Colleague: 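Pasting in a structure now, in structure tokens, and then I'll have a few things to ask.
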2 protein chains.
Amino acid sequence: MPTSRAPLNTRRVLQAALELADSGGTDKLTMRHLGRELGVEAMSLYRHVANKDAVLDGIIDLVVSEIDLPDSREDWKSAMRRRGETAHRVLTRHPWAPPLLMSRTNTGPAMLRYIDYTLGVLRGAGFSWRLADHAWNTMDSFVYGYTLRRLTFPVAQADYAETAAAHAHLLAGGGFPHMAELTRQVAEGRHPGDPDITFGLDLILDGLERLRDAETRP
Amino acid sequence: MPTSRAPLNTRRVLQAALELADSGGTDKLTMRHLGRELGVEAMSLYRHVANKDAVLDGIIDLVVSEIDLPDSREDWKSAMRRRGETAHRVLTRHPWAPPLLMSRTNTGPAMLRYIDYTLGVLRGAGFSWRLADHAWNTMDSFVYGYTLRRLTFPVAQADYAETAAAHAHLLAGGGFPHMAELTRQVAEGRHPGDPDITFGLDLILDGLERLRDAETRP
DNA sequence: CGTCGTAAGCTTACGTCGTAAGCAAGAGTG
DNA sequence: CACTCTTGCTTACGACGTAAGCTTACGACG
């Protein structure tokens, strides 16, 4: 008979669920599979976890807790820029996470803390409550949206130009002249395609700075 | 015995699927349910549709086709603003759509047409290929991200202040001082909360305009 | 030492899902 | 009439989440 194993607990279940999701996406994350991974039957998990939704909420908050909190001592703009970049990086490390993060209400402790720090940074930089609220909502809408689009994008960055070349004629014949031309530009290496996140991040941050200045010195 | 019905076809299947999703979200959209709606067994649908993924791709493209194409005769900025607003409105009409739209690769004809028109407007306004590509990607990341966040948001607009009031003490006790204060501001009606999409839209459009001007007159 | 409550895990079972495989019944067409 | 083709139906399989109840082991207490 097998040596008795250490008893399960909620933390270990969530940890295993996170690893399972990382290794094979949300599809692989089933209660039966998760049980097998922990050497336990599926139904035994329900001793430590209310149901599957609780597992999902749990691992999302684990992911969010990986994002660096913005440092309120730093210049607000670079703090916010880094906030966006690291969020993007973390979410890219866990490609299964963004769809979950965005399609279900998330109010885990890590998420609340993350938002709270952000508001602190913005308030410290002289933003009004109204503008600070707009600011982080705009930033996050963009960052999450950008990350999700990027993950969905069918082509890896490396093959971008190559794939573009292969598809150019298809688009041209189909009555999409501008896309065809853009694709050609990418294929010829005249424009890198695959815009990185700093473009949009800086665009938004510059805009926010101008609005804050207009607000404080009317 | 029932009078013989008109034979099915792909269009009718997709139309029924769209109605089903609109009436009860993605959960209600199962092959069996869809069949029942059309007076047919589930397996019969596979004569007109490759599999369920094809149904999902199909109804997403139907939704995208509802979005107004930007008019290239109009001023680029208001054309793009309206583009974002109508996209937001259409996606809000079909709340099940954004998660699907963003979590699967979509290259249906309506989507391609939509992007092609957009590129046309931007090019007509003097944007370089590089900047035009950045521009629409930034816009769409924001619009989709914003819409998805809004749909996920637990509180309807009307009750916003009321709900904020109910939660304020909870946040204050939990070590989230800035969120608590922001919530209080909303509760007291000093800040509307619930930012609408035009804030971010105008922020991005103004930024893009500046970049284009810097590009054309160096 | 025996008893017994409690916690942890197991077993079985139900209803649902997408869909593979093959069958049946009609509509043209020669 | 026989034929193919189209359309839809039937049955079945292997997932899934989870409700309900059962077993087993261990610690507290008499």
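In what follows, every heavy atom counts, from backbone to side chain, and hydrogens, waters and symmetry copies are set aside. As the structure is a prediction and not an experimental result, all values here were calculated from the model.
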Colleague: To the nearest Å, how far apart are L34(B) CG and dG8(D) P?
Modeller: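 Whole-Å distance recorded here is 13 Å.
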
Colleague: Would you tabulate the pairs of protein nitrogen or oxygen atoms and nucleotide nitrogen or oxygen atoms of nucleotides 15-19 of chain C closer than 3.5 angstrom?
Modeller:
unit_1, atom_1, unit_2, atom_2, d
dC17(C), OP1, T30(B), OG1, 3.4
dG18(C), OP1, K52(B), NZ, 2.7
dG18(C), OP2, M31(B), N, 3.0
dG18(C), N7, R32(B), NH2, 2.5
dG18(C), O6, R32(B), NH2, 2.8
dT19(C), OP2, Y46(B), OH, 2.7
dT19(C), OP2, K52(B), N, 3.0
dT19(C), O5', Y46(B), OH, 3.4

Colleague: Of all residues at least two apart in sequence or in a different chain, which pass the ring pair (Phe, Tyr, Trp, His ring centres under 6.0 Å) check with H88(B)?
Modeller: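 Per chain and number, H88(B) pairs via ring pair (Phe, Tyr, Trp, His ring centres under 6.0 Å) with Y146(B).
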
Colleague: How many angstroms lie between atom CG of L148(B) and atom CG of L91(B), to the nearest 0.5 angstrom?
Modeller: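 It comes to 9.5 Å.
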
Colleague: Got a list of protein N/O to nucleotides 22-24 of chain C N/O distances below 3.5 Å?
Modeller:
none

Colleague: Please report, rounded to the nearest Å, how far the P atom of dT10(D) is from the CG atom of L45(B).
Modeller: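 Value for this atom pair: 14 Å.
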
Colleague: Given side-chain contact (heavy atoms from CB on, under 4.5 Å), test T138(A) with L208(A) step by step and report yes or no.
Modeller: CA-CA 10 Å; T138(A) 304; L208(A) 289 174; 5.5 Å; no

Colleague: Can you run down the salt bridge (Lys or Arg N to Asp or Glu O under 4.0 Å) pairs that involve residues 13-42 of chain B, sequence neighbours left out, and say none if there aren't any?
Modeller: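 Not a single pair qualifies under salt bridge (Lys or Arg N to Asp or Glu O under 4.0 Å).
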
Colleague: Please tell me if S44(B) has a side-chain N or O lying less than 4.0 Å from either OP1 or OP2 of dT7(D).
Modeller: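 No, S44(B) has no side-chain N/O under 4.0 Å of OP1/OP2 on dT7(D).
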
Colleague: To the nearest Å, how far apart are E41(B) CD and dC9(D) C1'?
Modeller: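 After rounding, the gap between these two atoms is 7 Å.
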
Colleague: Based on Watson-Crick and G-U pairs with both distances under 3.5 Å, what dot-bracket line describes DNA chain D 5' to 3', crossing pairs as [ ] and inter-strand pairs as |?
Modeller: ||||||||||||||||||||||||||||||

Colleague: Residues two or more places apart in sequence or in another chain: which of them pass ring pair (Phe, Tyr, Trp, His ring centres under 6.0 Å) with W76(B)?
Modeller: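 Per chain and number, W76(B) pairs via ring pair (Phe, Tyr, Trp, His ring centres under 6.0 Å) with F127(B).
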
Colleague: Would you call E181(A) and R123(B) a salt bridge, using N to O less than 4.0 angstrom?
Modeller: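 No, E181(A) and R123(B) are not salt-bridged.
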
Colleague: Please find the pair of heavy atoms, one from N51(A) and one from Y46(A), that lie closest to each other, and give the distance.
Modeller: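 Heavy atoms of N51(A) and Y46(A) come nearest at CA-CE2, 3.8 Å.
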
Colleague: Just by modelled atom types, is the T152(A) backbone N or O under 3.5 Å from a matching donor or acceptor in the T105(B) side chain?
Modeller: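 Pair found, side chain donor or acceptor close to backbone of T152(A).
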
Colleague: Could you check how far CG of L38(A) sits from P of dA8(C), rounded to whole Å?
Modeller: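 Rounded to whole Å, this separation is 15 Å.
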
Colleague: Does a side-chain N or O from H48(B) land closer than 4.0 Å to OP1 or OP2 of dT6(D), or not?
Modeller: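 No, outside the criterion.
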
Colleague: Is R113(A) atom CZ crowded by more than 12 heavy atoms from other residues, nucleotides or ligands, each under 6.0 Å away?
Modeller: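 Incorrect, the count does not exceed 12.
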
Colleague: What orientation do H178(A) and W129(B) show, parallel under 30°, tilted 30 to 60°, or perpendicular over 60°?
Modeller: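 Plane angle between 30° and 60°, so tilted.
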
Colleague: For the residue pair D116(A) and G175(B), what are the closest heavy atoms and their distance?
Modeller: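 Distance-wise, the nearest heavy atoms are OD2-O, 4.2 Å.
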
